[in-house]
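Worksheet for the structure shown next.
If you're wondering where the values come from, they're calculated on a predicted model, not measured in any experiment.
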Amino acid sequence: LKRNDEIQTLADEEVMTLVQEGNPRAFELLFDRHGGAAFSLAYRMVGNRVTAEDISQEAFLSIWRSRLRYQPARGSVRTWVLGIVHHRAIDALRRNLVHERRRASAEGIEDRHEAAELTDVEAARREEARTIRTALESLPQDQCRVIELAYFGGFSHSQIADMLEMPMGTVKGRMRLGLEKLRKELEVEIA
Amino acid sequence: VSVEQHEIHEQSVGAYLLGALSDVERHAFEGHAEECHVCRDELERLRPAADALPRSVTPVRPPPSLKSSLMETVESEAREAGGRAGSRTGRALGSVSSRVAAFGRSLAPRRALVWAGASVALLVGALGGYAGTQLSDGGSRTLAARFDSDRVAGASGSLVVPEDSKAGATLRVHGMPSLPPHETYQVWLRRGGETIPKALFGVGEDGNGLTAVDGDLAGADAVLVTREPMGGARSPSGKPILQVSL
């Protein structure tokens, strides 16, 4: 096998070791594996393909330039990558770079850009997305609402408290309760 | 940590995980959590829920311009740093192998299976469709695992076999489903017509797991993993979900 083919078979954490060595082919594979999820998350948050592309590019460049900071013990590569994209998107939202962002549901935005033919991995990830979304939607409405406003809307707890006209402590409490219930729901799904 | 400080911060766990604190609040919370094991434990308990949120988004394909533009910059920076692909790959793979093997050796005593030596037959016909890919760094070999994609979509893994195959091997997996408390993953060594039970192991909430495959691998043709009842089994109860061809 050629070296590039060999890299294809490695697990994410091993690919990341090559990235940390400065190997651009390994980095390309990292993007191939997680670029779609990264772009999808950014797009879900900002509702604009151009801005989502900018955020994804900034995030991956940040990953490349700070590649030595990845620590396997702190979580999977995928979680690390998506965490960086999430922070970048929040920064963009809070810097008010996205004035006309959409607040429609994810389904309404995404369906128009779904690929016609799916690979096995894409189909599995779509199924996983459905499962998690179902768990999220099964939460009490007030908890689901604050989680979505915070995580996908990029709003701070104090902004959410103003928006929903409720004490900040109540907002924080609902966030925590919502995550607690979501964790339990997902445990059931996995089991 | 004082009770007052803890009470101020404990309500912020959810907001922190969701990215809903301001920079000042976030730094204050992180400072508190470094010293407060109660908040740290709560963070780790709720983190899987927050980590699942980005995966709830229906995947959409990014525009091709994203990758081309990104790789143009990365290639340029790699050239400047003298880090061309290929020239370092072998060395890097070697370091991966060594690290995994060393980690595995440290776990070996804990993972040893009490039924070492017992052997049973397995229907070889059920294993069609699996194959392994081999990397070699001159000493140890890294073999890619193949998974039953119907049951473990998106999982990956590798087996690191040291130069002296009598020393066993180390199996590392990623993206495997966490199992309920009454189940475990079990490793098997297939040699000829026999399937020999090996270590039991589990995976973390992140789906990552590591285990030693102890004993002499000489003459063995595959390492398998099945899902079994807690405590393991004397013979595989079903089709392997993972296979590494040796």
Side-chain angles (χ1 to χ4, degrees), chain A residues 3 6 9 11-14 17-18 21-25 27-28 31 35-37 39-41 43-44 53 56-57 60-61 64 75-76 79 82 86 90 106 110 113-115 120-122 124-126 128-129 132-133 136 147 150-151 156-157 169 172-173 175-176 179-180 182-183 186 190-191, chain B residues 11-15 17-22 45-46 48-63 65-67 69-71 73-75 77-78 81 83 85-86 88-89 91-93 95-96 133 135 144 149 153-154 156-158 172-175 177-178 180 206-208:
Chain A
R3 284 297 182 188
E6 291 172 342
T9 65
D12 273 357
E13 284 67 18
E14 290 153 351
T17 301
L18 297 179
E21 295 275 341
N23 185 325
R25 292 282 71 77
F27 182 78
E28 185 177 10
F31 178 85
F39 177 77
S40 305
L41 174 61
Y43 184 39
R44 168 74 171 88
E53 190 174 346
S56 304
Q57 174 145 355
F60 271 92
L61 277 179
W64 168 251
S76 70
T79 297
L82 293 176
H86 186 241
I90 285 182
E110 291 157 359
H113 299 286
E114 285 184 2
D120 288 348
V121 172
E122 284 172 330
R125 286 188 175 155
R126 189 149 298 184
E128 180 189 45
I132 298 171
R133 223 164 30 238
L136 188 58
I147 287 176
Y151 192 86
S156 69
H157 68 94
K172 285 182 175 178
M175 289 174 174
R176 186 175 173 176
L179 287 177
E180 173 71 52
L182 181 60
R183 186 185 68 85
L186 292 174
I190 291 168
Chain B
Q11 272 300 315
S12 296
V13 172
L17 288 169
L18 293 168
L21 297 180
S22 68
R45 205 171 62 80
L46 296 182
D51 286 348
L53 291 171
R55 291 185 280 120
S56 73
V57 178
T58 303
V60 289
R61 288 183 183 159
S65 57
L66 173 56
K67 180 176 171 180
S69 166
L70 178 67
M71 288 312 300
T73 305
V74 167
E75 297 272 12
E77 292 185 4
R88 293 183 170 190
T89 304
R91 185 153 44 91
L93 290 174
S95 71
V96 171
T133 302
L135 305 178
S149 57
S156 61
S158 57
R172 188 175 188 176
V173 296
H174 309 281
S178 298
D206 55 4
N208 296 338

Does the H86(A) side chain pair with the main chain of Y151(A), one donor and one acceptor, at a distance under 3.5 Å? yes
Charged N to carboxylate O under 4.0 angstrom, R133(A) versus E128(A)? no
Check whether any side-chain heavy atom of Y43(A) sits under 4.5 Å from a side-chain heavy atom of V57(B), and report yes or no. no
Any side-chain donor paired with an acceptor under 3.5 Å for R61(B) and S40(A)? no
I'd like to know which of G157(B), A50(B), A15(B), P54(B) tops the heavy-atom pair count under 4.5 Å against chain A. P54(B)
Closest-packed option against chain A by number of heavy-atom pairs under 4.5 Å, given D51(B), L21(B), L53(B): L53(B)
Considering only heavy atoms, which portion of L61(A) lies under 4.5 Å from any heavy atom of chain B: side chain, backbone, both, or neither? both
With respect to chain A, which residue among G14(B), S69(B), S65(B), A20(B) yields the maximal number of heavy-atom pairs within a distance under 4.5 Å? A20(B)
Measure distances from F60(A) to the heavy atoms of chain B and classify the residue's part below 4.5 Å as side chain, backbone, both or neither. both
Backbone N/O of V74(B) and side chain of E77(B): donor-acceptor pair under 3.5 Å: no
Electrostatic pair R183(A)-E180(A), nearest N-O below 4.0 angstrom: yes
Checking heavy atoms, do the side chain of L82(A), its backbone, both or neither come under 4.5 Å from chain B? side chain
L46(B), V173(B), L17(B): which one forms the most heavy-atom pairs within less than 4.5 Å of chain A? L46(B)
With chain B, which of G75(A), G35(A), A150(A), A124(A) has the greatest number of heavy-atom pairs at distances under 4.5 Å? A150(A)
Looking at S156(B), G175(B), P63(B), which one has more heavy-atom pairs under 4.5 Å with chain A than the rest? P63(B)
Checking side chain to side chain contact (heavy atoms under 4.5 Å, CB included) for the pair V13(B)/L179(A): CA distance, chi angles, key distance, verdict? CA-CA 10 Å; V13(B) 172; L179(A) 287 177; over 6 Å; no
Bottom line for T73(B): the part with an atom under 4.5 Å from chain A's heavy atoms is side chain
Donor-acceptor pair, S56(B) side chain versus A52(B) backbone, under 3.5 Å? no
Quick check on L136(A) against chain B: is it the side chain, the backbone, both or neither that has a heavy atom closer than 4.5 Å? side chain
